[in-house]
Amino acid sequence: MIALKQLKQVPAPLSPIAGDVLEGLSRTPKMLSPKLLYDAQGSALFEQITRLPEYYPTRTEAGILTTHAEEICSRLGQEISVSELGAGTATKTRILLRSLLQRQPSVDYFPLDVSDAALQLAKDELERELMAVNVHPHVGDFEDLTFIEHHPPPRLVLYIGSSIGNLEHREAISLLQNIARHLSSGDQLLLGVDLVKDSNVLHAAYNDSAGITASFNKNLLVRINRELGGHFEPDAFSHVSFWNETASRMELHLESTCRQSVRVDALDTTLRFYQGERIHTENSYKYTIECLEDLLQRGGFNVEHTWTDSNCWFAVSLGVVI
Ligand code: AVJ
């Protein structure tokens, strides 16, 4: 009994998201890092987004990878290992791995993601479907990429799914430089980015009629409630997403529908919102092919080839470390 009493007095460890949440919500305007969107529930909602009729990026990129799998693989080195940044459930990656296995007997595959749950799914499904793929999952963000050096060369790094769209241009360049720094000359990067297009197409993709993107966005508040003892009323915020032409990005926000105060116990803070005040939760930058190839160059890669779909809605580019 005494031991139990003592245990209860140990303060709950501060959740790893506490710092990011406090920092972002203390800013004017308020913001939250998009990486906070991907807890288990958020990753599951994103999986649903990828299957929405309005959300073209996933199926367009999958189409590019399917159509050009053989050509892509023929441009890769011999007996490569594959690492993937932000692998999620690695659904599209299977297209490439399947094609790669026609050229080499087995593949070591190293998926990195912030979501442990997504990686477990990826591992289970991949190892069931493709026996010759050895999956080595790694939970984490992209801050420390040293582990890439330990992967057997020659290496292919996958950064597909337009995840790079979350980053500011300068951050995107330094991420690529950071990747290149941990690679050797001749190692390759396959980068998938979403392209600038008709704003109606973009708007529909981020404002789907089933409201899944809205739930995905609001899940941030649900997560803060659960992990930080927040008292957000998710329905007192609305999902707002629009095309910012000048910045060439889709923006996601949560907009307070009324004047309100929200207590967050673990942060020992009460947040105040005026009616119409927004929390900026995500940017999704859209590129032109020219900007994409320029980005790769600045990041330390020579562009070998860029593939796109018939609408020019999405692009996949292969770069090699100089
Ligand atoms: C995972 C960053 C590529 O920007 O389209 C989808 C995230 N947000 N719908 C994107 C997202 C709302 C997605 N990325």
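Both counts, for ligands and for their atoms, begin at 1 and track the order of listing.
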N/O of [X] under 3.5 Å from N/O of ligand 1, yes or no?
X: Ser162; value: no
X: Tyr55; value: yes
X: Ser284; value: yes
X: Thr213; value: no

* Asked: Could Arg272 and Glu277 be called an ion pair, given the rule that one side-chain N must be under 4.0 Å from one carboxylate O?
  -> no
* **Ligand-side contact atoms (ligand 1) for residue partner Tyr38, heavy atom cut-off under 4.0 Å** =>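 In order of number, 1 (C), 7 (C).
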* Which atoms of ligand 1 have any heavy atom of Asn166 under 4.0 Å away? -> 2 (C)
* To the nearest 0.5 angstrom, please state how far the NE2 atom of His150 sits from the NE2 atom of His136. =>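 Separation between the atoms: 14.0 Å.
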* Asked: Which residue supplies the protein heavy atom nearest to atom 3 (C) of ligand 1, what is that atom called, and how far is it?
  ->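 For this ligand atom, the closest protein heavy atom is Gly161 O, 3.0 Å.
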* Asked: For atom 7 (C) of ligand 1, what is the nearest protein heavy atom, given as residue, atom name and distance?
  ->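 Ranking protein heavy atoms by distance from atom 7 (C) of ligand 1, first comes Glu282 OE2, 3.3 Å.
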* Asked: Using the benzene-type ring in the case of Trp, are the ring centres of Phe147 and Phe110 under 6.0 Å apart?
  -> no
* Can you find a side-chain donor-acceptor pair between His151 and Ser81 that sits under 3.5 Å? -> no
* To do: Evaluate the ring pair (Phe, Tyr, Trp, His ring centres under 6.0 Å) criterion for residues Phe242 and His253: first the C-alpha distance (whole Å), next the side-chain angles of each, then the deciding distance (0.1 Å), finally the verdict.
  => CA-CA 9 Å; Phe242 54 86; His253 301 260; 5.3 Å; yes
* Asked: Just wondering, do Trp307 and Leu318 contact through their side chains at under 4.5 Å, heavy atoms?
  ->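 Yes, side chains in contact.
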